[in-house]
Amino acid sequence: MNKILWPILVALTLSACGTTGGTQATVEDRTGGTAGTASTGQGTETTGVGGSGVAGNAMGDQYAGDPRKNPASPLSKRSVFFDYDSFVVKDEYRPMLEAHAGYLMSKRDAHVILQGNADERGSREYNLALGQKRAEAVRKALAVLGVSDAQMEAISFGEEKPRNEGHDEAAYAENRRTDVVYSDEK
Amino acid sequence: MGRNEAVCGPGRVQPMLDCPIKKAFVSPMSVSMLRAVLLFPLFCLALLSAPFSARAAMEIQVIGGAANKIAVAMVPFQAAPGQPSPALTQIAGDDLNRSGQFRLVDVGGAQQPVMPAQVDYGVWRGKGADALVIGQVTAQPGGRLEIRFYLLDVLKQTQLAAYSYTITAGQWRATAHQIADLIYAKLTGIPGAFSTRIAYVQKQGRRYELRVADADGQNPRTVMRSNESVISPMFSPDGNQIVYVSFEDRKPVIYVQSLKDGHRRKIAAFKGSNSAPAWTPDGRRLAVVLTRDGASQIYMINADGGGLTRLTRGSNIDTEPVFSPDGQTLYFTSDRGGSPQIYRMAASGGEAKRVTFNGSYNVSPAISPDGRYLAYISRDGGRFSVTLQELASGQTRVLTDTARDESPSFAPNGQAVLYATVQGAQGILGTVSLDGKTHARLSESGVDAREPVWGP
């Protein structure tokens, strides 16, 4: 696993440095250049989203209160899905994890629970360990991006809290997952 | 007689109180020749369906069994005047039937003897009975009842055992299981396990209940309720406590709960996940799986939550630890070789050796009380089945024909394996004999039962 995961983590780290500007630019385009005010370090994703692209309605004000709830922000994305028998964080989750890393580094009192899950097939305890492996993969990815260990806890629900209670491959795929859950949102 | 515990009284966490049975020895026992019957090889492949139902919460269905069954005639015990006729003989008969080693002889139309002197052995030989059980219930002062029963060898026309019990009205069931244990032991030479208990988790809608029941699934008592999942229960070796993993704290945390008074304590709530507890045979410590240092690894912890030490040191999954009966060896599941397999190592730590080799998914080890057998779940194609491996020879045998089996555990006498499986869309519990020929289902309609474990 490490042979596969580590290059990806390195790539994530590099991309975190290399693409921050790009991400920031995108956000700034939508928010009228207000990003600078709240931006610290790599946490550019957390900034300009306050204005949001849906200005003028009540929902917009809500996002202004909590950037993590803005559907336009990668911060609103909370789930990392895994292939069967896999614990590799796929490249498509890079923007999302960069956003959360940025938020966590900008808010040192913020704390996330990384909740790993597994599909229902096989032993409950072994599935708990599989879910833990998926939570741990996301924890490591965030750590490489600079998030402090004290701000994260990787835990597993195994097969005990399926998002999809079906018994087919589509349901299983939905349940092979790690959720990023902020402690103040529980 | 620590086994005779019954829960009395309702409550969220129900206390289990001792209700001991007084037992008096009436006459000396004699040795039975009948045990030789059991030593014949068992080659019967035909599945004989013998369904019957019990009145309490769980339904029991027995399928199959050994070819050379001991034929037992159980005459309903003569009831005390004015007392309701107890289901004593039915409960004890169900126990014997479920073992697969006995055949119950129809006693209809025959004489109904109460004392050995009244027995016409020719009649019972004619009915094909190897053994005969008779008895009576008499009222005693203070609302107590005396039960006398006799186990007779029909072929030799001798008395194998005679016992009397003085019980209260709430002890019918426990007494019936004790009678079944005595009959089983006399006729097979193996201790019975009918007076033991099982624990399991029942799911109804979104509610989870940890339950303790008699070994036949009857008389269930809820010892813990939660709106979140509960997994991996295990009785302490003395049967007075139960350990389990609860998700009520929004993460897996290990609790030890007294079955006497319902009090409980967290013994492992470290950062990360806490799961897969297993008592040492002396009951002082537990192996647990923690992720506080990253990967799922096995640690040892005192039963009071102190004295944490790490046992395995890897970066892969090590989980589902279980001790050999002598406490010297730890068996566990690991994916260190690429697929989940069962390994063993010295309980003090050190190098692990792989134990299972067939297939790419072998998990959930359980060790028989005599240390000879390993039961586990193996995947073949898409099917997960209870598999038995003789540790000395490495020979394996698939015990079940179901496809979604989980959580095997041995009966305290080592003669059967309890496990969970799925029938339709519902989780049910089952037992299977070590030869795979006798299957019994313990299930309650409308609810999911899972995570069973057999206790003392």
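Below, chain A is the first sequence line, B the second, and so on; all start at residue 1.
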Q: Heavy-atom distance under 4.5 Å to chain A: side chain of B:Val245, backbone, both or neither?
A: side chain
Q: Of the backbone (N, CA, C, O) and the side chain (C-beta and beyond), which part of B:Ile231 lies under 4.5 Å from a heavy atom of chain A, both, or neither?
A: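 For B:Ile231, the side chain is the part near chain A, not the backbone.
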Q: A side-chain contact here means heavy atoms from C-beta on lying under 4.5 Å apart; do B:Thr333 and A:Glu125 qualify?
A: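 They are not in side-chain contact.
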Q: Would you tell me whether A:Ser123 and B:Glu406 have side-chain atoms, one donor and one acceptor, within less than 3.5 Å of each other?
A: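 Side-chain D/A pair, A:Ser123 to B:Glu406: absent.
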Q: Can you sort out the partners of B:Phe384 under ring-ring contact (aromatic ring centres under 6.0 Å, His included), two or more places apart, ordered by chain and number?
A: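 Partners of B:Phe384 under the ring-ring contact (aromatic ring centres under 6.0 Å, His included) test: B:Tyr361.
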Q: For a 4.5 angstrom cut-off between non-hydrogen side-chain atoms, does B:Lys251 reach A:Glu153?
A: yes
Q: Under 4.5 Å, heavy atom to heavy atom, which residues of residues 157-166 of chain A contact chain B?
A: A:Phe157, A:Glu159, A:Glu160, A:Lys161, A:Glu165
Q: Is it the side chain or the backbone of A:Ala129 that comes within 4.5 Å of chain B heavy atoms, both, or neither?
A: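 Both the backbone and the side chain of A:Ala129 come within 4.5 Å of chain B.
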Q: Under 4.5 Å from any heavy atom of chain A, what part of B:Arg206 do you find: side chain, backbone, both or neither?
A: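 Contact with chain A is through the side chain of B:Arg206 alone.
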Q: Run the side chain to side chain contact (heavy atoms under 4.5 Å, CB included) test against B:Thr291 and tell me which residues pass, sequence neighbours left out.
A: A:Gln132, B:Ser273, B:Ser296
Q: Can you say whether A:Leu114 sits under 4.5 Å from chain B via the side chain, the backbone, both, or neither, judging by heavy atoms?
A: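 Neither part.
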Q: For A:Arg108, I'd like to know if atom CZ has over 12 heavy atoms of other residues, nucleotides or ligands within 6.0 Å.
A: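 Counting neighbours around CZ of A:Arg108, more than 12 heavy atoms of other residues, nucleotides or ligands fall under 6.0 Å, so yes.
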Q: Check side chain to side chain contact (heavy atoms under 4.5 Å, CB included) between B:Ser324 and all other residues, then give those that pass, not counting sequence neighbours.
A: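 Expected list: B:Asp326, B:Thr329, B:Tyr331.
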Q: Distance check, rounded to the nearest 0.5 Å: A:Phe87 atom CZ versus B:Ile317 atom CD1?
A: 5.5 Å
Q: Taking C-beta and beyond as the side chain, do A:Ile155 and B:Phe247 meet within less than 4.5 Å on heavy atoms?
A: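 In short, these two side chains do not touch, never coming nearer than 4.5 Å.
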